[in-house]
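Notes follow the structure.
Owing to the predicted nature of the structure, the values given are computational and were not obtained by experimental measurement. The analysis underlying the following values was restricted to heavy atoms, covering all of them including side chains, and did not include hydrogens, waters or symmetry mates. Reminder, nothing fancy here: chain letters follow the sequence lines and each chain counts from 1.
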2 protein chains.
Amino acid sequence: MSAIPHDLPAPTLGFLLNDVARLLRKRFEQNAKGLGLTRAQWQVLAHLRRAEGIAQGGLAELLEVEPITLARIVDRLEDAALVERRPDPKDRRIKRLFMRPEALSLIDDMQVIGDATRAEALEGLPAADRDHLTRILGVMKTNLAQACSTGCRQKEAVHG
Amino acid sequence: MSAIPHDLPAPTLGFLLNDVARLLRKRFEQNAKGLGLTRAQWQVLAHLRRAEGIAQGGLAELLEVEPITLARIVDRLEDAALVERRPDPKDRRIKRLFMRPEALSLIDDMQVIGDATRAEALEGLPAADRDHLTRILGVMKTNLAQACSTGCRQKEAVHG
DNA sequence: AAGACTTCGTAAGCATGCTTATGTTTTGCG
DNA sequence: CGCAAAACATAAGCATGCTTACGAAGTCTT
């Protein structure tokens, strides 16, 4: 151990948030290693259960990732025979996503692991803090989603 | 618009946290695009300013990433002539990291952008909420760092 | 001193996220 | 109808994170 104290650069909340997210992801994937599914793949399946038949673009928007990001996750899920892409009969540009029955039990397993991992992370925090955290993060997500889209493209530029 | 309500799967705090971190990162990189530095590279430089001459392994531990992850970031920083690897005179396994003078002003620029991005994300949240958030995340980080290391390797293997 | 074990940095290979560019299809305007 | 514009999915290429595996260099044991 050196004598240098290096007091850390006051982890600016941005870094802190990123660290927590990364560690949570890491821990989850440690716990879920046996299942052969990553966290992102699970997230796709979980949403799919609620919205089977959704088009890739729509799901990407729901997940707030870029369409190409989702496309690659779906590639792997299709390779694993957990998901099917089916053409839309009306619009041949669109591919709709459907779950294979094998995916269902897997989703439940992931859920259990997710709950356990979350419990590890939140240990020692009372329910009030958890609620508070959820609420604050919700606000931040809204702020950021808006900032990203308006600052990025001025898509519709409706301003209202 | 379809008539399907799909009420979202109650973004389990894990997902929410991940989303916020991802969007914050995305937004930061949008804002910082002109500087030619990514967030991770900035983080390395920022720590380096406090702890010049640190060995790669030590810095990786400080950042709580794997050594290989840091090695690749340093590769790019060295390519950009912002950082130097220098051999340790005593231990030839070790490479110590030093900043080039060009990095200093860059760090300051990044700091400004970081502050601005954080402000965007936290808009509408009172200072009390921000403090609360920081505190809660700190607890979670501690929990997770511990869970990751004990659950991952049983390093010290307390009882076999 | 020699062999084993550990530590440091790195290589290889994968998954996820991004941006930018492409091809295909649908739509919309003349 | 026919061509331009928009929308959907994908390809290509990069950065970051991981795991696993390795070579080189210290350290420890015998």
Does OP1 or OP2 of D:dT16 have a side-chain N or O of B:Gln43 closer than 4.0 Å? no
Rounding to a whole Å, what distance do you find between A:Arg93:CZ and D:dT10:P? 14 Å
Find out whether A:Glu120 and A:Asn31 are in side-chain contact, i.e. whether some heavy atom of one side chain is under 4.5 Å from a heavy atom of the other. yes
From the list D:dG13, D:dT10, D:dT19, which nucleotide is the closest neighbour of the side chain of A:Arg72? D:dG13
Under 4.0 Å from OP1 or OP2 of C:dG17: is there any side-chain N or O of A:Arg39 that close? yes
So, does B:Glu29 use its side chain to make a donor-acceptor pair with the main chain of B:Lys26 at under 3.5 Å? no
Does a side-chain N or O from A:Lys95 land closer than 4.0 Å to OP1 or OP2 of D:dT10, or not? yes
Is any side-chain N or O of B:Arg25 closer than 4.0 Å to OP1 or OP2 of C:dG17? no
Just N and O in the side chain of A:Thr69: are any of them under 4.0 Å from OP1 or OP2 of C:dC18? yes
Below 4.0 angstrom from OP1 or OP2 of C:dT10, is there any side-chain N or O of B:Gln56? yes
Classify B:Arg85 by what it touches in the nucleic acid, base, sugar-phosphate, or nothing, heavy-atom distance under 4.0 Å. sugar-phosphate
Touch class at under 4.0 angstrom, heavy-atom based, for B:Glu29 against every strand present: nothing
Over all strands shown, is A:Arg22 touching base, sugar-phosphate only, or nothing at heavy-atom distances under 4.0 angstrom? sugar-phosphate
Got a donor-acceptor contact below 3.5 angstrom from the A:Gln56 side chain to the A:Leu97 backbone? no
Check whether any side-chain nitrogen or oxygen of B:Gln30 sits under 4.0 Å from OP1 or OP2 of C:dC18, and answer yes or no. no
Between B:Arg49 and B:Asp108, does at least one N-O distance fall below 4.0 Å, as a salt bridge requires? yes
Give B:Ile94 one of three labels, base, sugar-phosphate or nothing, depending on what nucleic acid heavy atoms sit under 4.0 Å from its own. sugar-phosphate
Using a 4.0 Å heavy-atom cut-off, does A:Arg76 contact any base of the nucleic acid, only the sugar-phosphate backbone, or nothing at all? base
